[in-house]
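Take a look at the structure below.
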Amino acid sequence: MCIRPATHADLAAMTGLLEQLFGIETEFAVDKAKQMRGLALLLETPKAVVLVADVGGKVVGMVTMQTVVSTAEGGPVGWVEDLVVDEAWRGKGIGSALLRAILGLAFARGLSRVQLLADAENAAALLFYHRHGLRRTRMVCVRAVP
């Protein structure tokens, strides 16, 4: 298994992974066209990173991160989204490798904080992040939609 930067050739596989993720995260709906468009935009955005876990030429996991400016930190921080491993490949260390890779990249680039959202009902994900040293904050996500 190798962790590598995603390419446009990986879009279909990554869209399939997002379909699995959004089956767990009920806040989001599966819309393959939207997910494909969003992933393509991330691949073209200089302040974004998309990594995939590749096993023998097959994409079995992915993670995305965007750099944003935090006024609290007075500089750039990372916003991680879409950490997902194909159901058939879970429990094999792939998620851990993806998380280590994206955190390592973030801190090597001088980002002072990395944050992410996880579904409050997804106990497995919350335990996974806790085991890797990520801690819950008291912040609550709120959003507006048109």
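Values below: all heavy atoms of this structure, side chains included; hydrogens, waters and symmetry mates excluded. All values derive from a computational prediction rather than experimental measurement.
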Q) More than 12 heavy atoms of other residues, nucleotides or ligands under 6.0 Å from CD of E121: is that the case? A) no

Q) Quick check: are there more than 12 heavy atoms from other residues, nucleotides or ligands sitting under 6.0 Å from NE2 of H130? A) no

Q: Would you mind reporting whether V49 and T67 have side-chain heavy atoms less than 4.5 Å apart?
A: no

Q) Are E81 and M65 side-chain neighbours, meaning at least one heavy-atom pair lies under 4.5 Å? A) no

Rounded to the nearest 0.5 Å, what separation is found between the [atom1] atom of [X] and the [atom2] atom of [Y]?
X   : Y    : atom1 : atom2 : value
H8  : M14  : NE2   : CE    : 8.5 Å
W79 : L117 : CH2   : CG    : 4.0 Å
K58 : W89  : NZ    : CH2   : 7.5 Å
T15 : M62  : OG1   : CE    : 8.0 Å
L43 : D10  : CG    : CG    : 8.0 Å

(Q) Restricting to salt bridge (Lys or Arg N to Asp or Glu O under 4.0 Å), what partner residues turn up for K32, sequence neighbours left out? (A) E19

Q | Residues which pass salt bridge (Lys or Arg N to Asp or Glu O under 4.0 Å) with D54, listed by chain and number, not counting sequence neighbours | A | R4

For a quick test of reading the model, state the closest non-hydrogen atom pair linking [X] to [Y] and the distance between them.
X    : Y    : answer
L126 : A120 : CD1-O, 3.7 Å
L83  : G95  : CD1-O, 4.3 Å
L98  : A53  : CD2-N, 3.9 Å
L51  : I102 : CD1-CD1, 3.8 Å

Donor-acceptor list for residues 35-42 side chains, cut-off 3.5 Å, not counting sequence neighbours:
unit_1 : atom_1 : unit_2 : atom_2 : d
Q35    : OE1    : D31    : N      : 2.7
Q35    : NE2    : D31    : O      : 3.4

Q) Which pairs with one or both residues in residues 135-146 pass salt bridge (charged side-chain N to carboxylate O under 4.0 Å, His left out), sequence neighbours excluded? A) E27-R143

**Q.** Donor-acceptor pair, side chain of T45 and main chain of K47, under 3.5 angstrom
**A.** no

Same cluster for [X] and [Y] if Ile/Leu/Val/Met/Phe/Trp/Tyr side chains link at under 4.5 Å?
X   : Y   : value
V59 : V30 : yes
V85 : L21 : no
V63 : L11 : no

Side-chain donor-acceptor distances from residues 105-116 under 3.5 Å, at least two apart:
unit_1 : atom_1 : unit_2 : atom_2 : d
S112   : OG     : E73    : OE1    : 3.4
R113   : NE     : Q115   : OE1    : 2.9
R113   : NH1    : E73    : OE2    : 3.3
R113   : NH2    : Q115   : OE1    : 3.2

Q.
As a test of understanding, state which of L18, V50, L17 forms a side chain to side chain contact (heavy atoms under 4.5 Å, CB included) with D82.
A. L18

(Q) Among residues at least two apart in sequence or on other chains, which ones pass ring-ring contact (aromatic ring centres under 6.0 Å, His included) with Y129? (A) none

